[in-house]
Structure formats: C-alpha cells, structure tokens
Amino acid sequence: MTSAGAKFESLHKEMLLRYRNGVLFMNEITVDAFAKVNLALEVMGLREDGYHEVLMLMQQLVLKDRVTVRRLGGSERCVKIVCEKEGVPLDETNLAWRAAMLMLDMAESLESVEVEIEKNIPMAAGLAGGSSDAAATIKAMNEVFELNLDEESLCNLAGGLGADVPFCVLGGTAVASGIGTDLVSTVGFAPQEYYVLLCKPPVGVSTREVYKAFDAKVEEIRKQPRPDVPYLVGGIVLGSPVRLLKGRMVNDLEYITSTEVPDINDIKAVMLEEGAAHAMMTGSGPTVFGIFEEKEGAVAAFKRLSQKYEETYITTFR
Ligand code: ATP
C-alpha cells in the first residue's frame, strides 16, 4: 500500500472509531453493561482451593449501566472513576478500575484514562453490576487502544477479575461451569415473550458469607428441589415455555439467603399472586425476579412491590 493509502486507511479507521451511534467521540467509547440473572444455579461442591464448583444458566437482561472510557493521554498512568451514584467505589476497589489497569498493561501504555459509569443496576444484588461494568471497560479499552483482542482473549483476561466477568463479556445466554468462568453460549427464552420484574430488598448480602452458610447446610439443601441445567437447556432449545420448566429453575443459594432475608419469600409470593410464571432469587441474592407472560401482571406486581421496595424494575431478557 502507498503511504497515502495507509494514511487514508488509518484516518478512516479513526473516523469509524470516533463516530458511534450517531455521536462524535474524541478518543472515547461508550459500551453498554447489562445486568444478568441466573435461571438456575447449582452448587456442585467445594474445591481444595476454597472455590465452589457451580453449574449455572446465565441470562442477560436489558437493564444496563453505561460505561464510557476516555483516553486522557499523558505519561503518568492513572485511572479515574467517575460515577454520580452514591455508594459506587471511585478507587481501586471498583472492578472497572481494575479492568482499566489490566488493559493499560495489555496496551503497554502509560496514558491515563477516565472511566465514567452511569449506574442503573442495583448494587450488591446478585445482578453482576460490578462485573458487567468491568466487562464493558475491557471491551471499551480494547477499542480505544485498538488492541484488537478477540472475544476469547477478552474472556480469559476477564476471568482474572472475577467469576462473573467472562460471562458479562460474552453476553446473551450461557451455561457456566467450573467456578463460573467456563462458558458455552446457548439459546435463551424468547425475549419478546416475557416481562421480567426485578425487586431488591433493601439489604446487601455477602456472597462469601452465603457460600459459607451453604457449606454448613449442604445436606439439608440437597433434599430441596434441585436445579437441572441440562434439562433446562434442552427444554429451551425445544421451545418449552417458562411455566413448563419452572420446576428445574432453582437456585441452591436461595434456601440460604431467604432464611436471612425473609422479604425474599414475601416478594416471590406477590409476584406469583399477580400471575408470574415463575419467581426466584438471582445469584447469592437478595434480588428476586419474576417472569411474566402478561404485561398486566408484571405491572400489577410492580405497583404493589414498588410501594415497599425502592429498587423495583420491569425489564426483559436480552
Ligand atoms: P455479582 O452478581 O457478580 O455477585 P453483585 O450484583 O452481587 O455482583 P455488585 O453490584 O457487583 O454486586 O457490587 C458488589 C460490591 O462490589 C459493591 O458493594 C461495591 O462495593 C463493589 N463494587 C466494585 N465495583 C463496582 C461497580 N462497578 N459497581 C458497583 N459496585 C462495585
């Protein structure tokens, strides 16, 4: 290629990079960071290194944060987190901060970056908000620094930040095994057929504590209804609706968290009274999600629950 040709190509690439979704950016990119729920979560056992083996069916929701990464230039590497929402850490404890640093390492760059988070996903909720912000940061950094890393490489990097981060990079619907980082994409429920109502009681739960309590009660939990990820995957592929599969849509951790947070059972009861095809807890909780076939039922449950619980949202599968 002639030098004029190469210059044109690089200019064209830069223009493409700067012109996204009809908005002109200067060295910055905004990436959606979607929430997730677990349609099933089975704790398989405890590994010698203290991690739990799990088998989960993960599903992204349309509810999302938005993460904007800006290159600030300079030669004193620094990551600045900007977020208006109270309670979001602005220091190195923010997973997006760690993601940005990791990608600066990959880029062998000494530049500074700003990561602005528009926070909509409830926090400490079992909805992978922090993990999703980190995944969006990884993707944005890959673009603004033109690293051209493929999805598999990004997922591998993401695994170093947290068990849910690779899924947030991959997105959609996936079976997660191992410690949650071994992923296979699969078919999900048709998004247009369901409304998903999220309701988070006003408490945060510690995932670590929930797993600790799980280990102490493992025999008891094995006697409860069991999640069945392979059955669910087969059922969804064959087009079975939620109401026929709900018996296998179980979260092993719900038994633990709902003992500590009785609101979980109250919220489920309201959702089922208003016609939800199914209602269950996501992750280690405490958020409950109800799956409705009819909008009226979702709206009726929203009206009742939002009077008591500030963090109540209607969304859909993605
Ligand atoms: P998961 O489902 O992956 O367990 P979660 O929804 O339960 O995640 P997060 O919203 O990720 O939990 O937040 C858990 C804690 O992590 C928060 O209390 C907060 O201190 C910290 N945190 C770190 N980074 C973020 C972030 N980008 N957004 C929100 N919280 C964050």
Side-chain angles (χ1 to χ4, degrees), residues 31-41 43 51-52 54 56-61 63-69 79-103 113-141 158-171 174 176 179-181 183 198-212 214 251-254 256-257 260-261 264 280-289 311 313 315:
V31 173
D32 290 333
F34 297 100
K36 66 88 185 144
V37 288
N38 302 83
L39 296 174
L41 191 162
V43 184
Y51 282 100
H52 287 82
V54 289
M56 310 188 285
L57 184 57
M58 319 276 282
Q59 173 64 55
Q60 270 188 329
L61 301 174
L63 177 70
K64 66 185 184 199
D65 292 345
R66 280 167 71 77
V67 175
T68 300
V69 170
V79 173
K80 184 179 173 208
I81 302 286
V82 177
C83 183
E84 284 180 2
K85 177 100 177 182
E86 206 181 311
V88 175
L90 302 178
D91 57 11
E92 69 280 0
T93 62
N94 194 309
L95 263 188
W97 187 97
R98 292 180 51 209
M101 269 299 175
L102 178 69
M103 296 303 278
V113 293
E114 182 173 281
V115 181
E116 185 176 350
I117 302 171
E118 179 195 307
K119 194 83 199 155
N120 305 306
I121 303 174
M123 295 195 287
L127 295 166
S131 303
S132 200
D133 293 347
T137 304
I138 286 178
K139 288 187 194 174
M141 292 287 290
L161 296 174
D164 279 347
V165 190
F167 169 71
C168 296
V169 170
L170 186 67
I179 61 162
T181 55
L183 299 169
L198 299 175
C199 182
K200 179 183 174 274
V203 285
V205 299
S206 151
T207 303
R208 185 186 293 257
E209 292 302 317
V210 172
Y211 272 102
K212 219 161 96 185
F214 176 92
N251 178 345
D252 271 345
L253 301 178
E254 184 175 318
I256 300 296
T257 310
E260 297 295 317
V261 187
I264 289 172
M280 63 187 288
M281 188 186 85
T282 177
S284 52
T287 304
V288 174
F289 65 102
E311 294 189 283
Y313 305 83
T315 183

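Ligands are counted one by one from 1 in listed order, and the atoms in each one are counted from 1 as well.
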Undergrad: Which residues satisfy the ring pair (Phe, Tyr, Trp, His ring centres under 6.0 Å) test with Tyr211, sequence neighbours excluded?
TA: His52

Undergrad: Contact between Leu39 and Phe289 at the side-chain level, heavy atoms closer than 4.5 Å - yes or no?
TA: yes

Undergrad: Report, as yes or no, whether the 6.0 Å neighbourhood of atom CD on Glu92 holds more than 12 heavy atoms from other residues, nucleotides or ligands.
TA: yes

Undergrad: Compare all side-chain heavy atoms of Arg66 with those of Asp32 and state whether any distance is below 4.5 angstrom.
TA: yes

Undergrad: Show me, by chain and number, every protein residue that has a heavy-atom distance under 4.0 Å to ligand 1.
TA: Lys36, Pro89, Thr93, Asn94, Leu95, Lys119, Met123, Ala124, Ala125, Gly126, Leu127, Ala128, Gly129, Gly130, Ser131, Asp133, Asp164, Thr207

Undergrad: Quick one: which of Thr287, Asn38, Asn251 gives a side-chain hydrogen bond (donor to acceptor under 3.5 Å, both in side chains) with Thr282?
TA: Asn38

Undergrad: Just by modelled atom types, is the Pro286 backbone N or O under 3.5 Å from a matching donor or acceptor in the Thr257 side chain?
TA: no

